A.B. asks: 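My questions all concern the structure below.
For this chain, numbers begin at 1 and follow the sequence in order. Any value given below was found using the heavy atoms of this structure, including those in side chains, with hydrogens, waters and symmetry copies removed. As the structure is a prediction and not an experimental result, all values here were calculated from the model.
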Amino acid sequence: MLLLLASCGKSAPDAEKPGETEKADETEVEETVKLTPSEIKVDGQALALEKGVTEYEYRIPDGDPYIPSVEAKAEDGCRVRVIQGFIPYGENEGFAQIILTKDAEEETYKVKFVKDAEKGFVLQYGDVYKFDGGEGATYVSSAPTDVTVDADGKVTAKKLTDSDVTVTAKTASGEKTLVINGVKKARVNLVFITGQSIAQGCYDTSDKTGKRIPTEDQHELIEKVEVEGMVYGYDLFPRSEDAKVASQKGRIYDMYTYPKQGFETAIGNAILYGTGEKTLFYQTAYSGAPIESWLDSKRHEEAGTYAGGHNFYDEQLNTYNKALKKMLANNYEVIRVSNVWIQGTTAMSAVYSKAKGDYIFSSDPAYDSSKRITDETYYEYYMKFHNDMVEDFGLEYDFMVLDRASHGVCSEENRKLGTQTDIVPIRASQYTLTNENKDIIMITRITDQFRPYSSTDKDSWGYGFIGVDNAHFNQIGYNALGQDIGKNMVEYLYSNVKAESVEIINSNGKTRIGEGDTVSVKKNASKRLAAMALPMTSNELLTWESSDENTATVDRFGTVKGVGNGTCKITAKTAGGIEYSITVSVTG
C-alpha cells in the first residue's frame, strides 16, 4: 500500500488509454465527480484521463504476472492515497484504487487490471500451473532445467529465465502448446513471526481426557496450505515435535509440502485467496521468550538472554544477513515487510532477571511482584524492538496480536471463568502501542473470546478454539486465530476502512462500558480500562482525556485514578474526532 500526500489540478496530457471506458454525461459529471486527479501513472506510463471517468482498464499478461504499480497526483490540499492493485488467486482481474480526499469530499478512482493471453503468459519462480493437454496426453518442456512438466501436466517454474519456454502436450489427435514468456523472481510478502510459544506453533500435549495426542494425528487436524508454490516458511526455531518441518531448518521450504502447526498457514491462505500474493514467513519466535531477549544487544543495555543464552533479536538479524537475505536475492523480490507479534503471557506474572537470563517465578523465594514489568517499560522496550525492525529490515507494518493475561494476574472472576482477559499492564501497553503508532496495528482480539474446554457452555462460539492447557492456541481443528489475523491483514492492506465508533473496555477485559455509564473508583485508588477505534482495521489513533483532573485523571494506558470526591467524564477520542465518554464517580 502506497501513501502519497500530493497535489489536485488539470487533466494529464493525452496518452494512449489502455482500454475503453464510456464517458459520463456532462451534467452527471458536475453533480457526481467533484475531485479529480491531475495524474495517474501505471508503471510510469501516464493514463489519458477523461473528464468524469473514474475507472480505467489496463491489460497484463496471463499466468502469474507482476501487477503494475500505480502512482497518482492531485491538486494542493487534496490527500491522495493509492491502494496498489491485486488479483485474488484463481481470478483474472482486480483493481488498484486511488482515493482522493479534500475537506468532507472523497472520490475513488480505479485502475482495473485484466489478464489477457494476447499479452503473453508468464510465471514467477516456484509457480505450479496445471496444463490440460487433453486425454492421454504426453508432455515435454523445451527447457526442463527452467520449467518442468510431469506426466499429469503439472508445470513448475524451477529457474529464472528471460527466454520463452514451450510446453508441448501430444495426443493421438495432435499437439497443444503452452508458451511461457519467461520465469520472473517470485514477489513475496516477507512476514516475520515473533514473540513466544504461540507464535512458534504449539502442539497439544493431551486431549481433553489427559491422553497424549500423537503428533502425526495432530498433523491431520491442522489447517493446510491449499496451493503449491505460494506459501513458504523459513524457521529459525522450528518445533522439535514436528521432525519433518524441523528437518528444513536453514532452508526456504514450501508449506504446501511441509504442513506446519501455528497460525502462519491460515495467514498465508488468506493472503493468497485475498490478493493472489505469495508469502514467506520468517519464524523466529521462541517459547517463553521475554521482551528483553528481543532487544538488540549492540544497541540497548537492557537487552538480555533466555533459554541458555539466546538473544532472539541478535540471532534473527545475524541469520537474516548471513543466510536468508542471500537466498531471497537469488529467486525472490520482497514487496512488503510485516511483523506479526504475540508475546507477553509469561512476563505478565513472572519477573525477568537479566543476571540469570531467565524468569523468577512466584514459587521462587527471590520473587518480588513489585518488580514485574510495567506498562511504561513494556512500551519503551517494544518501541526499541519496533524501531530496530524498521531500520534493519525495512519493516512497514507491525501487527500486534493481543495475548491473554496469565493466570497468575487474573481477577478471581476471570480465573473461575478461565477467560484470562484482564487489562493488566502488558495488555494495556499493547492497546496503547496500537493507539499511538500508525504502523503498529492491533490485528486481532479474538483471543479474548476463546473459552476453555472446562467451560460449562460448550455450544456458544469460541468453545474449543484454545488447547486443553487454556494457554496455547494450537490451531488443531479450529484455526480461528490465524484466520482472523489473515482476514484482518488483507482488509487493512487493501481496503479503505474508516473508524466508525469507539469502545471503552472495563478492567475485566470482556465487558464493554456503555456510553454515559458510570464506573466507580475510590479516592487514591485506580482502575484500568482499555479503548480502541472500531473497526480495528481502521487503525485510528486514539487518546484519553479527563474533564476534571481534580476528580479523576486518566493516563495514556487507560489507568483512571481517583483524586477527589465527585464525578467527571473520561473520554476516548480518535484522531478523526470520534469521541466516546463514560462517567467516573469518585468516593472517599
Side-chain angles (χ1 to χ4, degrees), residues 1 3 83 86 188-201 231 233 262-272 274-275 277-285 289 291 294 312-313 316 334-345 378-379 381-390 392-404 426-427 429-448 473 475 479-495 497 499 530 532-542:
M1 180 168 60
L3 293 177
I83 300 178
F86 62 95
V188 296
N189 290 277
L190 177 59
V191 180
F192 288 74
I193 302 294
T194 54
Q196 291 187 204
S197 53
I198 295 161
Q200 193 179 10
V231 182
F263 50 60
E264 290 125 290
T265 295
I267 298 173
N269 281 334
I271 292 174
L272 170 64
T275 72
E277 296 171 354
K278 297 174 183 276
T279 303
L280 170 62
F281 293 102
Y282 180 24
Q283 189 275 109
T284 62
I291 194 168
W294 285 99
F312 302 106
Y313 194 90
Q316 171 180 266
V334 175
I335 58 173
R336 183 183 299 114
V337 182
S338 304
N339 177 48
V340 177
W341 170 268
I342 180 165
Q343 189 266 359
T345 307
Y378 190 90
Y379 188 102
Y381 288 178
Y382 193 85
M383 288 306 301
K384 289 179 177 181
F385 163 72
H386 170 82
N387 291 333
D388 290 346
M389 290 283 287
V390 172
D392 293 336
F393 303 105
L395 180 68
E396 299 166 85
Y397 308 101
D398 198 350
F399 295 112
M400 177 77 69
V401 179
L402 186 67
D403 203 355
R404 304 174 92 215
I426 287 179
R427 281 167 53 85
S429 185
Q430 289 170 340
Y431 270 103
T432 306
L433 283 159
T434 60
N435 284 334
E436 292 187 350
N437 298 278
K438 203 62 180 172
D439 55 353
I440 303 177
I441 304 99
M442 183 80 75
I443 204 60
T444 181
R445 294 185 296 166
I446 196 174
T447 56
D448 280 357
F473 318 119
Q475 315 305 311
N479 206 337
L481 179 60
Q483 290 166 4
D484 199 53
I485 295 170
K487 172 183 70 69
N488 289 334
M489 282 177 65
V490 171
E491 182 176 277
Y492 176 78
L493 293 169
Y494 284 109
S495 299
V497 180
M532 76 179 311
L534 298 176
M536 72 171 67
T537 49
S538 68
N539 195 37
E540 185 79 32
L541 301 185
L542 181 144

A.B. asks: Please name the pair of heavy atoms, one in Ala289 and one in Trp294, separated by the smallest distance, quoted to 0.1 Å.
C.D. replies: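 Scanning both residues completely, I find the closest heavy atoms to be CB-NE1, 3.6 Å.
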
A.B. asks: Is the shortest heavy-atom distance from the side chain of Asn435 to the side chain of Met532 under 4.5 Å?
C.D. replies: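 With C-beta onward as the side chain, the pair touches.
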
A.B. asks: Quick check: does any side chain N or O of Asn387 sit under 3.5 Å from a backbone N or O of Met383, one acting as donor and the other as acceptor?
C.D. replies: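 At least one qualifying donor-acceptor pair exists.
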
A.B. asks: I'd like to know if the side chain of Thr444 and the backbone of Ile485 have a donor-acceptor N/O pair within less than 3.5 Å.
C.D. replies: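 Checked: no pair found.
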
A.B. asks: Specify whether Trp341 and Phe385 have parallel, tilted or perpendicular ring planes, treating 30° as the upper limit for parallel and 60° as the lower limit for perpendicular.
C.D. replies: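 It falls in the tilted class, 30° to 60°.
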
A.B. asks: How long is the straight-line distance from OG1 of Thr537 back to OH of Tyr494, given to the nearest 0.5 Å?
C.D. replies: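 Spacing of OH (Tyr494) from OG1 (Thr537) equals 15.0 Å.
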
A.B. asks: Start with the C-alpha distance between Phe263 and Phe473, add both sets of side-chain angles, then the distance that settles ring pair (Phe, Tyr, Trp, His ring centres under 6.0 Å), and finish with yes or no.
C.D. replies: CA-CA 9 Å; Phe263 50 60; Phe473 318 119; 8.8 Å; no

A.B. asks: I want to check something: taking the side chain as every heavy atom from C-beta on, are Phe399 and Val191 in contact at a cut-off of under 4.5 Å?
C.D. replies: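 When only atoms from C-beta onward are counted, Val191 and Phe399 do not touch, as no gap falls below 4.5 Å.
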
A.B. asks: What is the minimum heavy-atom distance between Pro535 and Val497, and which atoms define it?
C.D. replies: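 Heavy atoms of Pro535 and Val497 come nearest at CG-CG1, 4.0 Å.
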
A.B. asks: What closest approach, in Å, do Glu540 and Ala533 show between heavy atoms, and which atom pair accounts for it?
C.D. replies: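 Result for this residue pair: CB-CB, 3.6 Å.
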
A.B. asks: Decide side-chain contact (heavy atoms from CB on, under 4.5 Å) for Thr284 and Ile193; before the verdict, give the C-alpha distance in whole Å, the side-chain angles of both, and the deciding distance to 0.1 Å.
C.D. replies: CA-CA 6 Å; Thr284 62; Ile193 302 294; over 6 Å; no

A.B. asks: Determine the interplanar angle of the Tyr492 and Tyr397 rings, folded into 0 to 90°, and report it as parallel if under 30°, tilted if 30 to 60°, perpendicular if over 60°.
C.D. replies: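 Correct class here is perpendicular.
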
A.B. asks: Do side-chain atoms of Asn539 reach the backbone of Lys438 as a donor and acceptor pair under 3.5 angstrom?
C.D. replies: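 Yes; at least one donor-acceptor contact below 3.5 Å.
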
A.B. asks: At what distance, to the nearest 0.5 angstrom, does CE of Met536 lie from OG of Ser538?
C.D. replies: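 Atom-to-atom, Met536:CE and Ser538:OG are 9.5 Å apart.
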
A.B. asks: Tell me if a side-chain donor or acceptor on Asn488 pairs with a main-chain N or O of Ile443 at a distance below 3.5 Å.
C.D. replies: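 Confirmed, Asn488 side chain pairs with Ile443 backbone.
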
A.B. asks: Any chance you could measure Leu190, atom CG, to Phe281, atom CZ, to the nearest 0.5 Å?
C.D. replies: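 Here the rounded value is 10.0 Å.
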
A.B. asks: Quick one: pull up CD in Gln316 and CE in Met389 and give me the separation to the nearest 0.5 Å.
C.D. replies: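 Gln316 atom CD to Met389 atom CE measures 4.5 Å (nearest 0.5 Å).
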
A.B. asks: Using the test salt bridge (Lys or Arg N to Asp or Glu O under 4.0 Å), find all partners of Glu277 that sit at least two apart in sequence or belong to another chain.
C.D. replies: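 Scan of Glu277 (salt bridge (Lys or Arg N to Asp or Glu O under 4.0 Å), adjacent residues dropped) gives Arg336.
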
A.B. asks: Under the side-chain contact (heavy atoms from CB on, under 4.5 Å) rule, what do Val340 and Val401 come out as? Steps first, then yes or no, please.
C.D. replies: CA-CA 7 Å; Val340 177; Val401 179; 3.8 Å; yes

A.B. asks: For the atom pair CD (Gln430) and CG (Asp403), what is the distance rounded to the nearest 0.5 Å?
C.D. replies: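 The distance works out to 6.5 Å.
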
A.B. asks: So, the side chain of Thr434 versus the backbone of Tyr431: is there a donor-acceptor pair under 3.5 Å, distance only?
C.D. replies: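 Checking the backbone N and O of Tyr431 against the side chain of Thr434, a donor-acceptor pair under 3.5 Å is found.
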
A.B. asks: For Arg445 and Asp484, work out which heavy atoms get closest and say how close.
C.D. replies: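 Minimum heavy-atom contact is N-OD2, 4.5 Å.
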
A.B. asks: Answer yes or no: is there a donor N or O on one side and an acceptor on the other, between the side chain of Gln283 and the main chain of Ala285, under 3.5 Å?
C.D. replies: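 Such a contact is found between Gln283 side chain and Ala285 backbone.
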
A.B. asks: Is the backbone N or O of Ala270 less than 3.5 Å from a side-chain atom of Lys487, with the two atoms forming a donor-acceptor pair by type?
C.D. replies: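 It does not hold such a pair.
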
A.B. asks: Using modelled atom types and a 3.5 Å cut-off, is there a donor and acceptor pairing between side-chain atoms of Tyr313 and backbone atoms of Asp388?
C.D. replies: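 Answer holds: yes.
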
A.B. asks: Given side chains that start at C-beta, do those of Leu481 and Ile198 come closer than 4.5 Å, heavy atoms only?
C.D. replies: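 Heavy-atom side-chain distance check passes, below 4.5 Å.
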
A.B. asks: Just so I know, are the side chains of Asp439 and His386 near enough to count as touching, which here means a heavy-atom distance under 4.5 Å?
C.D. replies: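 Touching, per the 4.5 Å side-chain cut-off.
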
A.B. asks: As an exercise, state the distance from CD1 of Ile291 to CD of Gln343, rounded to the nearest 0.5 Å.
C.D. replies: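 Answer for the CD1-CD pair, Ile291 versus Gln343, is 5.5 Å.
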
A.B. asks: List the atom of Ile446, the atom of Ala480, and the distance in Å for their closest heavy-atom pair.
C.D. replies: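 Scanning both residues, the minimum pair turns out to be CD1-O, 3.8 Å.
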
A.B. asks: Considering only heavy atoms from C-beta outward, does the side chain of Tyr379 approach that of Asn437 to under 4.5 Å?
C.D. replies: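 SC-SC contact between Tyr379 and Asn437 confirmed.
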
A.B. asks: Backbone N or O of Val337 within a donor-acceptor pair of the Glu396 side chain at under 3.5 Å?
C.D. replies: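 Yes, the answer is positive, given that a donor and an acceptor are paired below the 3.5 Å cut-off.
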
A.B. asks: For the pair Thr279 (side chain) and Asn189 (backbone), establish whether a donor and an acceptor sit closer than 3.5 Å, ignoring hydrogens and angles.
C.D. replies: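 Judged by distance alone, no pair lies under 3.5 Å.
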
